[in-house]
Each structure stands twice: as structure tokens, then as C-alpha cells.
There are 2 protein chains.
Amino acid sequence: MPEHGTGKNARPGHPRPSDPWKALADPTRRSILDLLRQRERTTGDLCGHFDMTRFAVMKHLAVLVEAELVVVERRGRERINHLNPLPLQRIVQRWIRPFEASSADKLLRLEGHLSKPQIKKAKKP
Amino acid sequence: MPEHGTGKNARPGHPRPSDPWKALADPTRRSILDLLRQRERTTGDLCGHFDMTRFAVMKHLAVLVEAELVVVERRGRERINHLNPLPLQRIVQRWIRPFEASSADKLLRLEGHLSKPQIKKAKKP
DNA sequence: GCCATATGTGACCATATGGTCACATGTATG
DNA sequence: CATACATGTGACCATATGGTCACATATGGC
């Protein structure tokens, strides 16, 4: 049930959410999310913040929408992009928290490897 | 000072960490981190868990190492891969926490837009 | 209706990426 | 030392991705 898998909810308007990690991988898209975190913005507004063309920004926006990180509201001839924080929260809960849980231990064990070669067996002369 | 890469510390051993988001983007690599979270593993051990060839897994491992998500310890003829939780923690602290901070408000405002189906007008024939 | 504005679509290109393989290196052990 | 095992390297290929553009489609105001 927690998995919105391939074929369960195949409603026309929501084909299937794509991997939010993929969407997050691009720094431009992360900047877009950052701008959207401040307030919702039209596509044109967003374009003003980047060096690339309007089309490139729109493509990034499309990726974010497919990952459900951005929700679109049509208002007249404008398109207003809203941040949807849910996928990020899901990532935190299903991915990052578990890593944090067991990290203190590993961190300590790691320091040994990071600083010294940790030779198990004495080298033969 | 003569040009030496991108300024800061271009030491031979540490070229510069690549974007951890990029490394996290691939599901195989996330699975590797998941396995490494349980315990450290050799490359061969990791390969056993995936359908692809050993080389593919090694490439993924290389990406993870460049992003400093994995630390390598050489032990004899084996290579032992350790998880390094620090980059993940950095992502959480510098990226995800700020989003969580302002999300409750946005969530409420979003609900209105999420429930409206956004019907597209029929195309002209 | 007409036109300017704002956004959408498809084609197109260069490069990055995931994946494969043949072959090279290193190391433990008989 | 020889050989098998574990890992490393480079070339190579197919596809995905980021980016561009020309052109098409709404929408609001006149």
C-alpha cells in the first residue's frame, strides 16, 4: 500500500510519480525548489533567476512535477508553481532517518580507516 | 600561484568530492548504501546482491567513493567498503531541514490545488 | 476580432551516464 | 614460483539527460 507502484494508480492526470531522487540530482532543480520554498512563483518569474533559456527551466519544472515535488496551479494564462514538501518528507522518513539511526556507531569505526591504514597483519620482511 | 584545479585543496589524494546528490540519484547506489549501512562489505560481496556485472557495481562504488559516501579500506587482496554517513547528514542539515521548517504552512495551502483535477481543455480537431 | 503576453510541444544536438567486455594488476597460498 | 582469486583499467556502446530552437497554443485587454 505505501508503494505507489507501477500500475496501481494509473489515473490519467497522474501517470506515475518518478523518482524524486532523480529530480533532486540536478542543482538547478534544487535551486528552483529553494525559490519555491520562499513563495509560489510563475514560470516566467522562475526563468528570471537562471542563465538558461525559458525552455530549459520549463523542462526542469516538468521533471519536478513528475516527481511531485512541484504542483501546478493554472491561473488564467499564468502557471503558478507550488512546492510540495511531501516527497522530501518521505525521503527523510524512509531513507535518511534510518541512516542517522546507525551512524554514530559507524562514524567512530570509520575514523580509524580514515586516519590510519589499519593493518591487520604485520608485513613480512 | 599557478592554476591548480579549482582553487582550494587540489591535493592528489582528494581531487574534490563530487555532488552527493548525483550519487544518490541512482537506485542501485542507494541499495549499495543500504547494504553498507548494515555492515561493511567487500566489493565481491556487494556484487552478489545485484543482477548486473561486477564492473557495473564497481563503477557505482567509484561514484559513491567520489561523493565520499563510501570509504575504502584495503585489506590484503580484498577491498572493504564502508559507509560514510557524513555527506548524508550534511544534506539533511543544509537542505532537508529548512524545507521541513516551512512545510506545514505550505502543505495546507497546497491541499486546495492538489484536489483539483486540472482538467485540460479538449483539443481542437 | 486582434494582438501582445505567457506558456506548451516537438525536434534536435552534445554530453553524461549506466552498462558491457577484454585485459591488466595484485595477492594469498599450495 | 605458479596459479587461482579479488580487484582495477580502459575502451566501447546505448540510452538518458540538459540544453537549444522554431513553432503552436492559450488568455487578457483593446
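Chain letters run A, B, ... following the sequence lines, proteins first and then strands; every chain starts at 1.
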Establish, with yes or no, whether the OP1 or OP2 oxygen of dA6(D) is under 4.0 angstrom from a side-chain nitrogen or oxygen of Arg79(B).
-> no

Asp45(A) side chain near Thr42(A) side chain, heavy-atom distance below 4.5 Å | yes

Using the closest heavy atom to pick a nucleotide of DNA chain D for each, name whichever of Thr43(B) or Gly76(A) lands nearer the 5' end.
-> Thr43(B)

Can you check each nucleotide of nucleotides 17-23 of chain D against protein heavy atoms at under 4.0 Å and return B for base, S for sugar-phosphate only, - for none, in 5' to 3' order?
-> -BBBBB-

So, Arg41(A) side chain and Leu35(A) main chain: donor-acceptor pair closer than 3.5 Å or not?
-> yes

Hey, does Leu88(A) have a side-chain heavy atom less than 4.5 Å from the side chain of Pro20(A)?
-> no

Rounded to the nearest angstrom, tell me the gap between atom CG in Asn81(A) and atom C1' in dT7(C).
-> 11 Å

Mark yes or no for whether Arg29(A), through its side chain, and Ala23(A), through its backbone, hold a donor-acceptor pair below 3.5 Å.
-> yes

Provide, to the nearest angstrom, the distance between the CD atom belonging to Glu66(A) and the P atom belonging to dG8(C).
-> 14 Å

Please give, in whole Å, the distance from dT7(D) C1' to Arg74(B) CZ?
-> 7 Å

Rounded to whole angstrom units, what separation is found between the CG atom of Leu46(B) and the C1' atom of dA6(D)?
-> 13 Å

Quick one: does Asn84(B)'s side chain have a donor or acceptor within less than 3.5 Å of a partner on Val71(B)'s backbone?
-> no

Taking atom C1' of dT25(D) as reference, at what distance in whole Å does atom CE of Met58(A) sit?
-> 11 Å

Is there a side-chain contact between Glu73(A) and Glu40(A), using heavy atoms and a 4.5 Å cut-off?
-> no

Please tell me if the side chains of Thr28(A) and Val57(A) come closer than 4.5 Å, counting only heavy atoms from C-beta onward.
-> no

Flag the pair Val63(A) / Asp26(A) as yes when at least one side-chain heavy-atom distance between them is below 4.5 Å, and no otherwise.
-> no

Can you name the atoms? Protein N/O to nucleotides 3-5 of chain D N/O, anything below 3.5 Å, with the distance.
unit_1 : atom_1 : unit_2   : atom_2 : d
dC5(D) : O2     : Arg77(B) : NH1    : 3.3

